[in-house]
Novice: 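Starting off with a structure, shown below.
This chain uses plain numbering: 1 for the first residue, then up along the sequence. Since the model is a prediction, treat every value here as computed from it, not as a measurement.
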Amino acid sequence: MLVLGIDPGLRNMGWGLVQKSGSKLLHMGNGVCHSSGDDLASRLLSLHQQLTEIVARFKPDTAAVEQTFVNSNGAATLKLGQARAIALLVPAQYGLTVAEYAPNTIKKVVVGVGHAQKEQVAHMVKTLLGGVVPSGPDAADALAIAICHTHHMQFSARLDAALAKAEAKS
């Protein structure tokens with residue numbers, strides 16, 4: 001299963017692709033979509049077009065997006081939310097299911113600590129993916145999101161199998 005992780009941002013939207021092969025995670029690609037344009041609508045369109053190209057090119061099976069946290073700057077939070085909408089919309093346009101994870105959940109799964117620093121996340125991504133060098137911090141975060149979703153899917157599959165087995169016995 002090919003998983004697309006997306007780290008939403010209005011200026012830089014990170015993306016990363018991982019695939020599970022047995023017990024190994026394979027790096028399939030990563031990068032950053034840089035918005036362009038003079039106004040918000042143009043920047044959002046730019047991100048939409050770039051992310052659409054990525055989904056069309058790699059054809060992932062599922063996607064995961066980092067949830068937005070609310071900070072003291074309401075205008076900045078709203079703009080980030082609009083970029084996040086692009087991150088949710090594009091995979092949905094291709095019929096993909098899109099999971100959402102809180103930043104602390106992603107860090108906990110990848111690093112083992114929910115309040116890990118960006119450098120720690122990037123280091124663990126590099127370690128888990130066999131030394132791959134992400135295209136930048138946003139791409140490293142996107143790969144972490146994809147890794148988190150891969151682990152979540154694996155756990156969910158095991159849980160479903162255990163529940164089905166228990167149900168069959170009763």
Novice: Donor-acceptor pairs under 3.5 Å, side chain of residues 127-142 to any protein atom, not counting sequence neighbours: which ones?
Specialist:
| unit_1 | atom_1 | unit_2 | atom_2 | d |
| --- | --- | --- | --- | --- |
| T127 | OG1 | H123 | O | 2.9 |
| S135 | OG | N30 | OD1 | 3.0 |
| D141 | OD2 | K118 | NZ | 2.2 |

Novice: Determine, using the 4.5 Å side-chain heavy-atom cutoff (strictly less than), whether M13 and L44 are members of one ILVMFWY cluster.
Specialist: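 Cluster IDs for M13 and L44 match.
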
Novice: Are Y101 and L80 linked, directly or through other ILVMFWY residues, by side chains that come within less than 4.5 angstrom of each other?
Specialist: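 No, because Y101 and L80 fall into different hydrophobic clusters, even though each may have its own neighbours under 4.5 Å.
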
Novice: Which residues pass the side-chain contact (heavy atoms from CB on, under 4.5 Å) test with L88, sequence neighbours left out?
Specialist: V65, R84, V98, E100

Novice: To the closest 0.5 Å, what do you measure between NE2 (H152) and CD1 (I106)?
Specialist: 12.0 Å

Novice: Taking L89 as the starting point, is it possible to reach L45 by hopping between hydrophobic residues whose side chains are less than 4.5 Å apart?
Specialist: no

Novice: Does some side-chain heavy atom of P60 sit less than 4.5 Å from a side-chain heavy atom of V55?
Specialist: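 Yes. Closest side-chain heavy atoms under 4.5 Å.
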
Novice: Considering non-hydrogen atoms only, spot the tightest contact between L47 and A83 and give its length.
Specialist: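 Nearest pair, atom of L47 first, then A83: CD1-CB, 4.4 Å.
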
Novice: Same hydrophobic cluster for F58 and L26, using side-chain heavy-atom links shorter than 4.5 Å among ILVMFWY?
Specialist: yes

Novice: Minimum heavy-atom separation for P91 and I6, please, with both atom names.
Specialist: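 The pair with the smallest heavy-atom distance is CG-CD1, 3.9 Å.
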
Novice: Does some side-chain heavy atom of L2 sit less than 4.5 Å from a side-chain heavy atom of K59?
Specialist: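 Sidechains of L2 and K59: no contact.
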
Novice: Only distances under 3.5 Å count here; give the side-chain donor-acceptor pairs of residues 31-38 to other protein atoms, sequence neighbours excluded, each with its distance to 0.1 Å.
Specialist:
| unit_1 | atom_1 | unit_2 | atom_2 | d |
| --- | --- | --- | --- | --- |
| H34 | ND1 | N12 | OD1 | 2.6 |
| S35 | OG | L10 | O | 2.7 |
| S35 | OG | R43 | NE | 3.4 |
| S36 | OG | S46 | OG | 3.3 |

Novice: Looking at residues at least two apart in the chain, or sitting in another chain, which of them share a side-chain contact (heavy atoms from CB on, under 4.5 Å) with D39?
Specialist: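 For D39 the side-chain contact (heavy atoms from CB on, under 4.5 Å) partners, ignoring immediate neighbours, are A41, S42.
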
Novice: Measure across A144 and V121 and return the closest heavy-atom pair with its distance rounded to 0.1 Å.
Specialist: CB-CG1, 3.7 Å

Novice: Indicate every side-chain donor-acceptor pair of residues 14-21 with a distance under 3.5 Å to a residue at least two apart or in another chain.
Specialist:
| unit_1 | atom_1 | unit_2 | atom_2 | d |
| --- | --- | --- | --- | --- |
| K20 | NZ | Q154 | OE1 | 3.4 |

Novice: How many angstroms lie between CG in L4 and CG in L143, if you round to the nearest 0.5 Å?
Specialist: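 These two atoms lie 10.0 Å from each other.
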
Novice: Can you get from M28 to L25 by hopping between Ile, Leu, Val, Met, Phe, Trp and Tyr side chains that sit under 4.5 Å apart?
Specialist: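 The answer is no; the residues belong to distinct hydrophobic clusters.
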
Novice: Does any non-hydrogen side-chain atom of Q67 lie less than 4.5 Å from one of T105?
Specialist: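 Not in contact.
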
Novice: What's the shortest heavy-atom distance between V109 and H151, and which atoms?
Specialist: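 The pair with the smallest heavy-atom distance is CG1-CD2, 3.8 Å.
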
Novice: Applying ring-ring contact (aromatic ring centres under 6.0 Å, His included), which residue pairs with at least one partner in residues 124-145 are found, sequence neighbours left out?
Specialist: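 Output for this query is empty, none listed.
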
Novice: I need the M153 CE to T62 OG1 distance, nearest 0.5 Å.
Specialist: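 Answer rounded to 0.5 Å: 6.0 Å.
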
